[in-house]
Number of protein chains: 2
Amino acid sequence: MTTRARRTQRRTEALSRERIVKAAVELLDTAGEGGLTFRALTERLATGPGAIYWHVANKSELLDAVTDSVVAAALAVEPADSGDSPQEEIRAVALGLFEAIEEHPWLATQLATQLSRSPWQSVAPRVFESVGRQVRALGVPEGNWFTATSALVHYTLGAAGQNSANTVNAQVLGPGMDRAEFLGTVSRAWEELDPVEYPFTRAVANHMREHDDREQFLAGIDLVLTGITALRSPAE
Amino acid sequence: MTTRARRTQRRTEALSRERIVKAAVELLDTAGEGGLTFRALTERLATGPGAIYWHVANKSELLDAVTDSVVAAALAVEPADSGDSPQEEIRAVALGLFEAIEEHPWLATQLATQLSRSPWQSVAPRVFESVGRQVRALGVPEGNWFTATSALVHYTLGAAGQNSANTVNAQVLGPGMDRAEFLGTVSRAWEELDPVEYPFTRAVANHMREHDDREQFLAGIDLVLTGITALRSPAE
DNA sequence: ACCTGAACACCGTTCAAGT
DNA sequence: ACCTGAACACCGTTCAAGT
């Protein structure tokens with residue numbers, strides 16, 4: 001983990017967009033999605049709301065900046081020029097996002113919101129670019145680049161979001177409850193569904209109890225990758 | 001703007017959970033995500049907030065109920081026992097969700113939120129069940145049911161959300177602007193990205209301008225389906 | 001059992017005023 | 001140019017009181 005120095009603010013440090021974004025991330029990590037308010041920010045930065053509005057247009061823009069900064073950090077980690085295969089690179093990028101969401105659970109909702117609200121802005125191109133380059137490297141025909149990249153990105157965001165929710169919910173349901181216990185609860189709830197209406201969900205219930213998240217996540221990536229590589233030779 | 005007198009309610013109709021949910025859907029469809037407030041609901045139903053809280057625990061529960069009702073309606077449309085192949089059934093279910101989100105754009109965010117907040121509640125099993133039965137019918141080994149179904153569901157929700165956002169954004173950016181114009185704008189924005197940092201995204205930009213949404217969406221479904229059917233014979 | 005409506009605590013945002 | 005902080009409009013939620 002990071003963010004060492006807490007300690008009262010240096011009065012001499014000028015307020016800046018970066019300091020605001022940093023404080024916002026800390027607030028979100030600490031107090032959850034509902035924890036980011038201008039009052040809390042104001043207190044943490046020892047200023048008034050007007051000062052924040054000088055650097056940031058409104059809360060929505062702040063959330064965008066926050067999301068962008070965390071995603072950029074997550075994507076910057078990858079080496080980008082090693083001898084890995086495109087498949088391995090894609091797994092790495094996807095795992096990077098997966099872990100970022102695991103570390104910052106609010107990121108899942110935020111990413112979904114931002115990707116659907118303004119797909120042409122900073123975050124979407126960043127993610128598309130990282131994944132898309134590898135899709136191209138796989139030898140997929142150009143006409144399928146968009147479809148293939150979208151499928152990977154959507155799966156990654158969706159699965160990672162679901163996964164982080166499991167962690168968060170485990171904590172919410174009880175401090176003593178860990179992931180395994182929580183998944184057990186979900187599993188039991190699914191098993192108690194109506195047998196006539198929910199035969200399939202009941203059947204997967206026990207499988208959900210014992211799955212390893214990361215393994216499960218990568219299995220999904222591989223599934224999509226299989227579909228993608230089949231695009232190279234559509235004939236049979 | 002506002003509060004145009006609402007054609008007064010029938011005083012005799014009792015308030016009920018269903019009437020509240022119905023009014024909430026109308027409000028969301030008409031005024032967007034921000035349009036659903038207890039004040040607006042209160043006015044539309046000609047009551048006080050207390051009356052609503054008698055039937056519904058809080059706003060979060062109301063949103064869950066609203067989402068559930070719309071999703072249930074979307075999934076109920078499918079015939080369920082025709083002679084279609086599993087692939088065709090899956091396409092039908094996915095398209096049903098796709099169209100529901102197209103019709104109710106707020107549904108995308110809402111579904112993402114609810115699926116990640118409480119995956120064991122009503123909506124998730126409903127969607128999983130519909131898709132999962134067909135996955136099973138495809139002959140996928142039981143160990144892969146969860147992975148395969150997740151991949152399909154995540155792709156569907158993500159892609160549909162992105163798509164509905166395009167429609168909404170087109171309207172927001174200008175009343176005279178339609179989808180095609182909007183996608184042109186996005187496309188142009190992508191083309192103006194830095195050529196060194198965003199070569200791939202620039203390359204897909206022109207492709208985005210001319211794509212047909214539904215066709216694009218189904219292509220993604222087929223891609224995932226290809227990956228899934230490959231699970232049947234993992235060898236080779 | 002069901003509904004009323006004033007009241008509360010809290011939120012994002014603005015803006016005249018200071019330096 | 002950058003910051004202060006009181007004030008505004010609005011929100012979800014509560015609750016004593018009515019029927």
Side-chain angles (χ1 to χ4, degrees), chain A residues 8-28 30-67 106 109-110 113-114 117-118 172, chain B residues 1-6 8-28 30-67 106 109-110 113-114 117-118 172:
Chain A
T8 36
Q9 289 298 146
R10 281 261 153 282
R11 297 339 281 69
T12 43
E13 284 191 78
L15 201 54
S16 68
R17 203 181 151 94
E18 298 92 72
R19 277 191 59 212
I20 295 173
V21 167
K22 185 159 173 272
V25 170
E26 291 169 8
L27 232 27
L28 284 165
T30 309
E33 313 215 26
L36 179 58
T37 68
F38 275 81
R39 312 259 197 250
L41 256 186
T42 263
E43 201 184 326
R44 190 173 198 108
L45 294 169
T47 40
I52 296 175
Y53 276 94
W54 177 259
H55 296 276
V56 154
N58 48 43
K59 189 174 185 179
S60 169
E61 197 203 89
L62 175 57
L63 279 171
D64 283 358
V66 159
T67 303
W106 47 269
T109 309
Q110 214 43 51
T113 307
Q114 194 178 333
R117 179 156 32 85
S118 41
V172 168
Chain B
M1 11 218 65
T2 192
T3 84
R4 210 29 259 113
R6 187 91 316 277
T8 38
Q9 288 297 139
R10 280 263 152 278
R11 271 36 226 78
T12 41
E13 284 189 77
L15 200 53
S16 68
R17 202 179 151 95
E18 299 92 71
R19 276 193 60 214
I20 295 173
V21 167
K22 184 159 172 275
V25 171
E26 291 168 7
L27 232 27
L28 283 166
T30 308
E33 313 215 27
L36 179 58
T37 69
F38 276 80
R39 312 258 198 249
L41 256 186
T42 262
E43 200 184 327
R44 191 174 197 107
L45 294 168
T47 42
I52 296 175
Y53 276 94
W54 177 259
H55 296 275
V56 153
N58 50 41
K59 189 174 185 179
S60 168
E61 197 203 270
L62 174 57
L63 279 171
D64 283 358
V66 160
T67 303
W106 48 268
T109 309
Q110 215 42 52
T113 306
Q114 194 179 333
R117 179 155 32 84
S118 40
V172 168

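Chain identifiers are assigned alphabetically (A, B, ...) following the order of the sequence lines, protein sequences preceding nucleic acid strands; residue numbering begins at 1 within each chain. These numbers were taken from a predicted model, which means no experiment stands behind them. Side-chain atoms are counted along with the backbone in the values below, which use heavy atoms only and exclude waters and symmetry mates.
Protein atom CZ of B/R17 is 14 Å distant from nucleotide atom P of C/dC2, rounded to whole Å. Between A/R19 atom CZ and D/dC2 atom P there is a gap of 14 Å when expressed in whole angstrom units.
Look at A/W54 and you'll find a side-chain N or O under 4.0 angstrom from OP1 or OP2 of D/dC2. Dashed line: the shortest gap from a side-chain N or O of B/H55 to OP1 or OP2 of C/dA1 is not under 4.0 Å.
Side-chain N or O atoms of A/K59 include none that pairs as donor or acceptor with a backbone N or O of A/F38 at under 3.5 Å.
Put simply, the side chain of B/R17 does not reach to within 4.5 Å of the side chain of B/I20, judged on heavy atoms.
Remark: C/dT13 base-pairs with D/dA7; criterion is Watson-Crick or G-U wobble with both hydrogen-bond distances under 3.5 Å. Nucleotide D/dC2 forms a pair with C/dG18, judged by Watson-Crick or G-U wobble geometry with both contacts under 3.5 Å.
The residues B/K22 and B/E18 are annotated as not salt-bridged, no charged nitrogen and carboxylate oxygen being separated by less than 4.0 angstrom.
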Polar pairs (N or O, both sides) under 3.5 Å between protein and nucleotides 6-13 of chain C?
unit_1	atom_1	unit_2	atom_2	d
C/dC11	N4	A/R39	NH2	2.9
C/dG12	OP1	A/K59	NZ	2.6
C/dG12	OP2	A/F38	N	2.9
C/dG12	O6	A/R39	NH2	3.1
C/dT13	OP2	A/Y53	OH	2.8
C/dT13	OP2	A/K59	N	2.9
C/dT13	O5'	A/Y53	OH	3.0

**OP:** Using the side chain to side chain contact (heavy atoms under 4.5 Å, CB included) rule, take A/L15 and A/W54 through it: C-alpha gap first, then chi angles, then the decisive distance, then the call.
**Re:** CA-CA 10 Å; A/L15 201 54; A/W54 177 259; over 6 Å; no
**OP:** Please step through side chain to side chain contact (heavy atoms under 4.5 Å, CB included) for the pair B/R19 and B/H55, ending with a clear verdict.
**Re:** CA-CA 10 Å; B/R19 276 193 60 214; B/H55 296 275; over 6 Å; no
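Remark: A/E43 CD is loosely packed, at most 12 non-hydrogen atoms of other residues, nucleotides or ligands lying under 6.0 Å away.
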